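Taking it in order: structure first as structure tokens, then the write-up.
All values derive from a computational prediction rather than experimental measurement. If you read the sequence from its start, that first residue is 1, and numbering goes on from there.
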Amino acid sequence: MTAPTRRQKEAVTASPLYIQGDIGLNQPKVSDGKPAVMLVPVEASVDMPPPASSQPAFVQRILGDATRVSSVIPAKSVDLIVTSPPYWQKRDYGHADQLGQEATPAEYVQALIGAMRDWKKVLKNTGSIFLNVGDTYHKRSLVGIPGRIEAAAVDDGWIVRNRIIWAKTSGMPEPAKNRLASRHEYIIHLVLKPNYYYDLHGYSQKYGNGSNPGDIWYVGLERDTGGHLAPFPSEIVERAITLACPYSVCSHCGTPLEREWKRTAELDESRPQARRAMQLALEHGLGPEHIAAIQATGITDAGKAKSYQNGTGRNSEEVQRLAKHAKKVLGGYFREFTFAKRVTTGWKVCTCGQGEMVPSVVLDPFVGTGTTLDVAARLGHSAYGIDLNPAE
């Protein structure tokens, strides 16, 4: 076994398709005293796709009131609510039961909270709401609608998990000369219970680099050929579904299909820091056991990788020794391996034995032109859309 050539080093540094094998702290030495290294080609890690649902998805648009969805939708049947209610004092839709034309911000917020109280009846305990809301200027001042909604929702028993900033990559000109043009809105993520469904891995794979992409969504406006004055970008709906709507659920108990994953040693080769980490790992003869030890201990020595821990809840002495050595030779670059790519290895299905896996259900109580329905159907989910006005 010989030391790697410069060409081999470049191959490892430039591609995640090679790892070092059969090496460790007790490996044989070559004549120059450096650790021996064997380059082993491996298959690229590929996510396992979810199993197909046993039934086709449905899409249903209902002419009705967003405050009384429980009268037309079965109880605890909805996995995700994605909606953009009318903003306060922005547009008159010409309907006696419309939301948004209340006399005061407080009345508007209470009307919306009242509607959300009804949504609780149809939303599963594992479900989420992604509520797109904007603020309004009144008497030259922002009235703080998003913050008022959050506070009232918490008082009404909801859990606010995120205030996501929708940063618009484009916007309409504004006539104001003494303030900046508004180029963002809010998407409030609310849940009923702490154990809600959430697929950060799937979302990160689609919208990040395998890490947590953060709570700012850069999404441009979409042209609406139907003439609607408040188009809802399809990407916002797709992001919410990717994050918080399972691919399928048990038809009997509603248990969602859940992803099972493992961490690999693959790094994002587009990042200079990752390439340097790979180069240092090769130069110092670090093998898979070193990388696994780094990932088991994490940034500190209190790791959570159970397969690398002993029964006391602490990482074994050998794992700590390997991690200490790897961190020493890698320096600060060891952190790159703690954020290595994760890959889906399987899917956990319900074991109640009473039902079959069917498409999950998305609801938009203010469906408008039907963007939520279109996106849900395209992604293979069932969907309800409710609106006071017929489809435009």
Side-chain angles (χ1 to χ4, degrees), residues 66 80-91 99-102 104-117 119 123 127-138 140-172 174 176 179-192 196 198 200 203 207-208 212-222 224 228-245 362-368 371-372 375:
L80 175 68
I81 297 175
V82 186
T83 194
S84 181
Y87 299 170
W88 182 63
Q89 292 289 329
K90 284 292 182 74
R91 181 184 180 188
L99 186 82
Q101 292 300 304
E102 291 76 12
T104 66
E107 291 178 11
Y108 168 77
V109 170
Q110 285 307 308
L112 181 57
I113 294 298
M116 292 168 58
R117 197 170 295 140
W119 302 351
L123 186 65
S128 290
I129 294 178
F130 282 77
L131 190 71
N132 170 218
V133 292
D135 211 343
T136 301
Y137 278 93
H138 183 64
R140 296 184 177 274
S141 174
L142 286 169
V143 295
I145 293 292
R148 291 171 184 248
I149 292 173
E150 291 172 342
V154 171
D155 290 343
D156 205 51
W158 292 92
I159 301 172
V160 177
R161 292 301 296 141
N162 265 126
R163 179 192 299 132
I164 300 166
I165 305 299
W166 167 21
K168 303 174 184 179
T169 55
S170 60
M172 297 294 291
E174 293 192 16
R179 64 171 176 84
L180 299 176
S182 177
R183 290 291 183 265
H184 77 279
E185 293 183 15
Y186 298 90
I187 302 166
I188 305 172
H189 179 203
L190 307 106
V191 299
L192 290 169
Y196 57 95
Y198 203 69
L200 182 58
Y203 181 83
Y207 296 104
N212 191 323
D215 59 1
I216 300 178
W217 293 0
Y218 294 93
V219 180
L221 297 173
E222 294 179 0
D224 178 41
H228 197 283
L229 296 180
F232 192 33
S234 58
E235 185 178 329
I236 288 179
V237 180
E238 186 164 343
R239 283 174 178 259
I241 289 176
T242 303
L243 258 179
C245 193
V362 180
L363 165 66
D364 187 343
F366 300 97
V367 72
T371 299
T372 298
V375 175

L142 side, atom CG; D135 side, atom CG - distance, nearest 0.5 Å: 4.5 Å
E174 (side chain) donor-acceptor with S182 (main chain) under 3.5 angstrom: yes
Evaluation steps, salt bridge (Lys or Arg N to Asp or Glu O under 4.0 Å), between D215 and R163: CA-CA 7 Å; D215 59 1; R163 179 192 299 132; over 6 Å; no
Sub-4.5 Å side-chain heavy-atom contact between S128 and L190: no
Separation of I113 CD1 from W158 CH2 (nearest 0.5 Å): 8.5 Å
Residue pair L80 / L363, side-chain heavy-atom distance below 4.5 Å: no
Heavy-atom side-chain contact between L192 and I159 under 4.5 Å: no
Contact check, side chains of F366 and S84, non-hydrogen atoms, under 4.5 Å: no
CD1 on I149 to CD on Q110, rounded to 0.5 Å: 10.5 Å
W166 side chain to I236 backbone, donor-acceptor under 3.5 Å: no
Parallel, tilted or perpendicular: rings of H189 and Y196 (30°, 60°): perpendicular
Parallel, tilted or perpendicular, as decided by the 30° and 60° cut-offs, for the rings of F130 and W217: parallel
Side-chain donor/acceptor of N162 to backbone N/O of I164, under 3.5 Å: no
Nearest heavy-atom neighbours spanning P365 and A66: O-CB, 3.4 Å
Side chains of Y87 and E185, donor plus acceptor under 3.5 Å: yes
Any M116 side-chain heavy atom under 4.5 Å of L131 side chain: yes
Closest non-hydrogen atom pair, C245 against V362: SG-CG2, 3.9 Å
Cation-pi check, R239 onto Y207 ring (under 6.0 Å, within 45° of axis): yes
E150 side chain to V160 backbone, donor-acceptor under 3.5 Å: no
Minimum heavy-atom distance E222-S234, with the two atoms named: OE2-OG, 2.7 Å
T169 side chain near V219 side chain, heavy-atom distance below 4.5 Å: no
Non-hydrogen atoms of I145 and P105 that approach each other most closely: CD1-CB, 3.8 Å
Crowding at CZ, R179 (>12 non-hydrogen neighbours, <6.0 Å): yes
Atom pair CG/CZ of L221 and F232 - distance to nearest 0.5 Å: 12.0 Å
N132 side chain to I187 backbone, donor-acceptor under 3.5 Å: no
Heavy-atom side-chain proximity of T136 to Y108 below 4.5 angstrom: no
Short side-chain to backbone donor-acceptor contact, W88 and E102, under 3.5 Å: yes
D364 side chain vs T372 backbone, donor-acceptor pair below 3.5 Å: no
I129 and V191, any side-chain heavy atoms less than 4.5 Å apart: no
L123 versus G127, closest heavy-atom pair with distance: CD1-CA, 3.9 Å
